[in-house]
2 protein chains.
Amino acid sequence: MTIHTSMEFRSATLLGTGAGTGFEALLPASPLQPATLYSSGSEIYAQGEKAGDLYQVEFGAVRVYRLLADGRRQISAFHLSGEVFGFEADKTHHFFAEAIGATGIRVMRPHAGIDFSRELLPLALQSLVRAQEHLLVLGRQNAAERVAAFLLDMAARQGDLEEIDLPMSRSDIGDYLGLTIETVSRVFSRLKEKGIVRLPGLRKVKIVRMHTLRDMSE
Amino acid sequence: MTIHTSMEFRSATLLGTGAGTGFEALLPASPLQPATLYSSGSEIYAQGEKAGDLYQVEFGAVRVYRLLADGRRQISAFHLSGEVFGFEADKTHHFFAEAIGATGIRVMRPHAGIDFSRELLPLALQSLVRAQEHLLVLGRQNAAERVAAFLLDMAARQGDLEEIDLPMSRSDIGDYLGLTIETVSRVFSRLKEKGIVRLPGLRKVKIVRMHTLRDMSE
DNA sequence: CGCCACGTTGAATCGGCTCAAAACCCGTGG
DNA sequence: CCACGGGTTTTGAGCCGATTCAACGTGGCG
């Protein structure tokens with residue numbers, strides 16, 4: 001279940017998108033910090049495991065989720081290049097984290113220095129605000145509004161380019177938005193029919209009428 | 001709209017439930033820190049206002065929420081006695097906070113000291129985990145499961161007493177759980193019929209079969 | 001005592017789900 | 001180069017749970 005290949009890199013080659021986030025201070029002293037390659041679907045950590053480390057996405061994407069006893073899944077967040085995840089309130093993971101497609105992850109083991117919390121707090125707060133916005137979507141928006149909000153969020157996190165990559169499957173999107181894959185698919189089709197988006201590939205979306213999407217998500 | 005009465009207290013008289021949370025360090029130096037009384041429904045802060053201060057509930061309860069353009073409301077959290085709220089990622093409030101019933105609030109203006117982040121991070125992380133658990137409820141649970149999870153959460157935060165107080169209205173509960181008041185009411189009635197809870201008052205719930213509720217919320 | 005906001009209950013509607021089948025994409029091998 | 005195969009996505013039909021709309025009950029307070 002947890003086939004995860006490990007692979008060493010020279011950080012200089014890989015840093016790229018990860019640089020400039022201002023968290024280099026958290027990295028261990030070595031300037032050649034190795035990263036790990038996770039193959040598609042492999043587990044980064046599991047619910048119940050000991051927590052403490054943080055993770056930064058080098059490339060690829062990650063889904064963080066919980067399961068109910070009967071298998072229902074709620075993805076609480078996706079993490080893209082450069083983003084840091086793995087925060088927990090206590091020393092145990094309450095969620096699962098898996099790679100979406102081949103993904104490079106840098107592990108950061110923060111030694112509890114003085115700067116530690118000062119660096120982390122803004123990141124934790126950003127995650128908090130994201131989660132709270134997501135609550136509004138899940139609690140009070142219909143299927144079309146949810147998908148619109150999702151596309152706008154993904155676009156914003158990819159620099160507001162009109163053509164965005166969706167590394168995740170329809171099933172992932174459904175489990176993120178609290179919808180079934182069929183409903184997600186139907187909304188995508190309707191957005192295409194109405195000329196609001198184009199779908200040049202299964203995992204590519206070109207946003208044609210950004211403002212219409214914004215109106216939809218209110 | 002923002003009728004909010006202000007009233008001075010001697011902190012020694014009021015601290016009570018607020019003590020022992022370990023955040024006295026954040027309070028200004030004065031040992032007689034005044035608290036403020038907010039009347040039922042009055043606004044503590046509004047979306048768009050400048051943020052920065054934190055707030056600790058002395059007594060009463062607070063709802064934190066966002067609105068959609070058409071008036072739909074999502075309550076992202078309730079805060080009870082002793083709890084700290086008001087975190088934001090940037091220097092602007094993205095949510096509204098209102099008193100539920102008469103509520104005493106202690107304002108904490110943390111001067112950006114070294115300890116600041118170290119004290120705040122665990123609080124922020126607790127809020128984050130709560131929000132993420134809430135996502136699972138809103139995204140993947142049905143009406144009965146949502147109400148069960150809500151009652152268990154409220155019970156846990158009131159020391160796992162069998163008789164719990166619900167300071168908030170059915171409308172607040174609905175807007176917290178992503179349901180209508182009618183659905184909330186129907187679920188309460190069915191829980192009562194089945195002998196899982198008793199409803200000795202409109203805002204009191206006696207949990208008779210805790211384990212059944214736990215099974216329901218999975 | 002009577003008012004009025006809040007809460008409960010009922011009937012009909014509707015949005016998203018379930019179940020089912022067809023279409024599509026893409027890697028593989030002939 | 002094309003045919004094959006398996007997984008993902010799309011589309012369709014019918015169903016069901018939560019909502020909407022409406023009426024009635026209730027309890028808290030002046």
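Side-chain contact check for A:E49 and A:H93: no donor-acceptor pair (N or O, by modelled atom type) lies under 3.5 Å.
Regarding contacts with the backbone of C:dT9, a side-chain N or O of B:S189 is found under 4.0 angstrom from either OP1 or OP2. Under 4.0 angstrom from either OP1 or OP2 of C:dC17 there lies no side-chain N or O belonging to A:R186. Proximity of A:R203 to the phosphate of D:dT9: a side-chain N or O atom is located under 4.0 Å from OP1 or OP2. Between A:T183 and the phosphate of C:dG16, there is no side-chain N or O to OP1/OP2 separation shorter than 4.0 Å. One finds a side-chain N or O of B:T180 lying less than 4.0 angstrom from the OP1 or OP2 phosphate oxygen of D:dT19.
In this structure, B:R170 and A:N142 both approach DNA chain C, and ranking their closest nucleotides by distance from the 5' end singles out B:R170.
Straight-line distance from the CZ atom of B:F188 to the C1' atom of C:dG7: 11 Å, rounded to whole Å. For the pair A:M168 CE and D:dT8 C1', the computed distance is 16 Å after rounding to whole Å. In this structure, B:Q141 atom CD and C:dC17 atom P are separated by 15 Å, rounded to whole Å. Atom CZ in A:R190 sits roughly 19 Å away from atom P in D:dT9 (whole-Å rounding). In this structure, B:I181 places its CD1 atom 11 Å from C1' of D:dT19, rounding to the nearest Å. Rounded to whole angstrom, the span from the NZ atom of A:K204 across to the P atom of C:dC26 amounts to 11 Å. We find that CG of A:L177 is positioned 15 Å from C1' of C:dC17, with the value rounded to whole Å.
Within the 4.0 angstrom heavy-atom criterion, only backbone atoms of the sugar-phosphate kind lie near B:S169; the bases stay farther away. Within 4.0 Å of B:L179, counting heavy atoms only, lie sugar-phosphate atoms of the nucleic acid but no base atom. The residue A:G178 sits close only to the backbone: its heavy atoms come under 4.0 Å of sugar-phosphate atoms, none of a base.
Shown are B:Y65, B:Y55, B:F87; of these, the ring pair (Phe, Tyr, Trp, His ring centres under 6.0 Å) with B:Y45 is made only by B:Y55. When each of B:I164, B:D165, B:L166 is paired with B:K204, the side-chain contact (heavy atoms from CB on, under 4.5 Å) condition holds for B:D165 and for no other.
Summarising the geometry of A:R146 relative to A:L138, their closest heavy-atom pair is NH2-O, 3.1 Å, with the distance given to 0.1 Å.
Between A:R66 and B:E133 there is a salt bridge, since a side-chain N of the basic residue sits under 4.0 Å from a carboxylate O of the acidic one.
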